[in-house]
J.: 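Handing you a structure now.
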Amino acid sequence: MLNLYFSLRLKLLLPTRQSSALLHTHDCTIPSPPLTKQAFTSLLKSSSSHPNQLKQIHALLTTTGLSIKNSLITQLLTSFILLGDMTYARRLFDEMHKPRSFLWNNLIKGYVKNNLSIEATAIFGQMQRIGVHPDQFTFPFVLKACAELDDLWGGVEVHAHVVKFGLDFDAIVRTELMIMYVKFGELVSAEYLFESMTLRDLVAWNALIAAYVQTGHAGKAIWRFRQMGSAGIKPDSVTIVGALSACAHLGCLEIGKQIDQFVIDEGLESNVFVNNARLDMYAKCGNMDMARSLFNKISQRNVISWSTIIGGYAINGESEKALDLFSKMEDEGVQPNHVTFLGVLSACSHAGLVSKGKNYFEYMAWSEDRNIQPRIEHYACMVDLLGRSGHLEEAYDFIKSMPIEPDSGVWGALLGACTIHQNIVLGPYVADVLFDLAPETASYHVLLSNMYAAAERWDDVEKVRRRMRKKGMKKIAAYSSVESNSEIHVFHGGDRLHPQSESIYKVLEELIKQMKGIGYVPKTSAVLHDVEMEEKEVTLSTHSEKLAIAFGLISVRPEYPIRVLKNLRICDDCHTFSKFVSRITKREIIVRDKHRFHHFNDGVCSCKDFW
DNA sequence: TTAGGGTTAG
């Protein structure tokens with residue numbers, strides 16, 4: 001410390017460029033000159049990215065008792081905020097006498113940028129208590145913090161302050177307010193703010209579109225994107241990323257292709273965000289050939305590009321290609337991250353590559369230079385891999401040996417595996433764990449009830465259902481959608497809401513008759529009610545994906561595949577049904593369910609009936 | 001002396 005003290009003093013006397021060389025060579029006592037503000041400032045500048053040096057400067061500053069201290073502490077504080085050391089930044093802040101309001105703002109910004117939203121809102125509260133006026137620079141970050149904390153009432157209160165300080169028509173504050181309400185799911189409020197904006201600029205449109213996509217309202221995002229075009233506002237790369245991401249969510253290949261053409265026409269092909277969004281759109285629309293040729297074409301690729309394409313192959317069931325690309329990625333010197341490994345593990349999982357998956361898991365965690373600690377999602381992936389391939393006991397032991405507390409995702413993977421393998425002993429036990437962990441989640445109850453139904457244990461089915469009723473739980477309604485002529489058509493089980501319903505049901509009836517002739521037997525165990533056989537068949541024959549496929553057959557041009565998106569997992573019977581349809585009609589049917597793709601061609605599914 | 005929008009998974 002003593003040596004450093006003199007080093008610093010020496011540095012302060014010398015121009016910055018020479019000082020670092022001298023820092024290492026000096027070894028004698030230096031006479032102590034007066035320290036000037038300029039000298040401190042230049043030292044702070046040259047040390048701004050070295051926290052330890054900054055801390056030592058702070059110590060030195062404390063001993064000097066300079067009258068210029070406040071402004072120097074301000075500089076130190078700014079450096080620590082930029083470095084993300086909010087603990088030290090706070091210590092400096094608390095040392096200051098009456099910090100100016102921009103410092104309050106900076107501190108809040110620092111907290112928000114470092115995911116410390118509670119601290120950010122606490123500082124805002126402190127500002128109010130001691131009467132520091134917030135301004136247009138304060139609110140955007142406080143609103144972000146409220147959104148992050150999912151604190152609706154806190155957010156509404158801040159909104160009231162925004163109005164009180166006359167800032168509700170400030171474009172930036174208003175945009176942040178709007179984003180916050182979308183994130184709360186308060187779309188009406190968000191839309192009101194958007195519609196009544198005096199200056200509805202490109203950023204406001206982009207913010208709304210992106211927020212819609214991020215909160216699962218991809219359809220609304222597409223609607224706004226089209227509206228934006230009609231309003232004569234030209235999209236930029238940020239708009240495009242949002243719109244493509246919406247297409248990826250919805251599996252809309254036609255709209256996605258149109259946007260892709262816009263990217264080419266407008267010369268946005270060099271933007272890495274845009275290209276990654278394009279890759280993801282093709283992958284999530286089940287078109288890996290397009291995704292791959294694009295991937296080969298783009299010059300600038302980052303870890304997200306690689307993770308996207310690897311994950312794309314994984315969900316499309318092309319595990320070998322996913323794993324090949326992973327080694328190519330490493331050959332090219334691109335460091336995989338934890339998301340890349342999720343793709344790799346899921347590729348193994350979807351193909352039942354148990355020992356390979358285990359190797360990758362070890363490889364990820366224990367290689368010294370990589371040192372990516374497995375997160376809860378990786379553990380869930382491993383449980384899925386082991387469980388799905390039938391190693392239920394091992395999966396259970398794996399959970400028991402986890403160094404972190406398993407969450408509902410991990411146990412949920414095991415419950416899913418128990419359902420697939422009809423393990424009626426382990427299944428109910430795992431379900432009980434889940435009912436404690438996530439009492440409000442209906443899907444775990446549904447899985448258990450499915451398991452009992454398949455075992456024809458109707459009393460137990462009824463028990464589970466009673467429990468669900470008691471808790472006011474409702475199953476998530478299953479739906480399937482098909483894109484035709486750039487429009488999205490949505491179907492629910494048994495519904496007749498579509499204008500072409502009559503033809504759809506006629507096609508369906510005809511198909512089933514033909515299929516039965518060549519060996520199709522409806523798997524009535526997929527229907528959970530304890531009802532008569534015939535009624536079971538009727539319910540089964542009108543599952544949403546069957547309606548969607550039937551509609552696809554009459555509306556999608558024959559040279560194109562029929563692309564169906566389902567919000568839940570495809571059921572056994574619909575899987576068999578789709579195989580038969582692809583064989584009879586010679587049409588390619590692509591179904592994207594909650595977890596992965598099924599490409600049906602001439603009676604065979606790409607998942608090899610393992611899903 | 002500061003402020004708004006973007007990609008992978010979950």
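Throughout, a chain's letter reflects where its sequence line sits, starting with A, and its residues are numbered from 1.
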J.: Could you tell me whether A:T340 contacts a base, only the sugar-phosphate backbone, or nothing, with contacts defined as non-hydrogen atoms closer than 4.0 Å?
T.: nothing
J.: Base, sugar-phosphate, or nothing for A:V303, non-hydrogen atoms under 4.0 angstrom?
T.: nothing
J.: Determine, step by step, whether A:N337 and A:T340 satisfy the side-chain contact (heavy atoms from CB on, under 4.5 Å) criterion, reporting the C-alpha distance in whole Å, the side-chain angles of both residues, the deciding distance to 0.1 Å, and the verdict.
T.: CA-CA 5 Å; A:N337 63 15; A:T340 322; 2.9 Å; yes
J.: Using a cut-off of 4.0 Å on non-hydrogen atoms, how would the nucleic acid contact of A:A248 be classed: base, sugar-phosphate, or nothing?
T.: nothing
J.: Please work out if A:D170 contacts a base, only the sugar-phosphate, or nothing of the nucleic acid, heavy-atom cut-off 4.0 Å.
T.: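 Since a base atom lies under 4.0 Å of A:D170, the category is base.
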J.: Is the ring of A:F137 stacked on the base of B:dA3, with centres less than 5.5 Å apart and planes under 30° off?
T.: no
J.: Look at all strands and tell whether A:F139 reaches a base, only sugar-phosphate, or nothing, counting heavy atoms closer than 4.0 Å.
T.: nothing
J.: Of the options B:dG6, B:dT2, B:dT8, whose atoms approach the side-chain atoms of A:N106 most closely?
T.: B:dT2
J.: Do A:E195 and A:R224 sit within salt-bridge range, that is, some charged N less than 4.0 Å from a carboxylate O?
T.: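 Here A:E195 pairs with A:R224 in a salt bridge, since their nearest N and O are under 4.0 Å apart.
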J.: Quick one: label A:Q214 by what it contacts on the DNA or RNA (base, sugar-phosphate, nothing), any heavy atom closer than 4.0 Å.
T.: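 Sugar-phosphate contact only.
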J.: Identify whether the distance between the nearest side-chain nitrogen and carboxylate oxygen of A:R90 and A:E95 falls below 4.0 Å.
T.: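 Salt bridge between A:R90 and A:E95, a charged N being under 4.0 Å from a carboxylate O: no.
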J.: Side chain of A:L342 only, heavy atoms from C-beta on: which candidate in B:dT7, B:dG4, B:dA9 is closest?
T.: B:dA9
J.: For DNA chain B, determine which residues of residues 276-294 of chain A have any heavy atom closer than 4.0 angstrom to one of its atoms, and list them numerically.
T.: A:N276, A:D280, A:K284
J.: Ignoring the backbone of A:K144, work out which of B:dG4, B:dT2, B:dG10 is nearest its side chain.
T.: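 Between B:dG4, B:dT2, B:dG10, the one nearest the side chain of A:K144 would be B:dG4.
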J.: For B:dG4, does either OP1 or OP2 sit under 4.0 Å from a side-chain N or O belonging to A:Q136?
T.: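 No, A:Q136 has no side-chain N/O under 4.0 Å of OP1/OP2 on B:dG4.
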J.: Going by distance alone, is a donor N or O of one side chain under 3.5 Å from an acceptor N or O of the other, for A:N296 and A:S293?
T.: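 Judged by distance alone, the side chains do not pair up.
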J.: Whole angstroms only, please: what is the CD1-P distance between A:I209 and B:dT7?
T.: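 Whole-Å distance recorded here is 13 Å.
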J.: Of the candidate nucleotides B:dT8, B:dT2, B:dG4, which contains the atom at the shortest distance from the side chain of A:E176?
T.: B:dG4
J.: Can you tell which of B:dA9, B:dG4, B:dG6 lies closest to the side chain of A:V339?
T.: B:dA9
J.: Would you classify A:T308 as touching base, sugar-phosphate or nothing, given that sugar-phosphate means primed atoms plus P, OP1 and OP2, and contacts are heavy atoms under 4.0 Å?
T.: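 It contacts sugar-phosphate atoms only.
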J.: Roughly, in whole Å, what's the span from CG in A:D168 to C1' in B:dA3?
T.: 16 Å
J.: Under the side-chain hydrogen bond (donor to acceptor under 3.5 Å, both in side chains) definition, can you give me all pairs with a residue in residues 112-121 of chain A, not counting sequence neighbours?
T.: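 Every pair satisfying side-chain hydrogen bond (donor to acceptor under 3.5 Å, both in side chains) with a residue in residues 112-121 of chain A: there are none.
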J.: Is the ring pair A:Y360/A:Y363 parallel, tilted or perpendicular, if the boundaries are 30 and 60 degrees?
T.: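 Rings of A:Y360 and A:Y363: perpendicular, as their planes differ by over 60°.
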J.: Base, sugar-phosphate, or nothing for A:I179, non-hydrogen atoms under 4.0 angstrom?
T.: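 Sugar-phosphate, backbone atoms only, no base.
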J.: A:C381: what forms a side chain to side chain contact (heavy atoms under 4.5 Å, CB included) with it, not counting sequence neighbours?
T.: A:L342, A:L345, A:S346
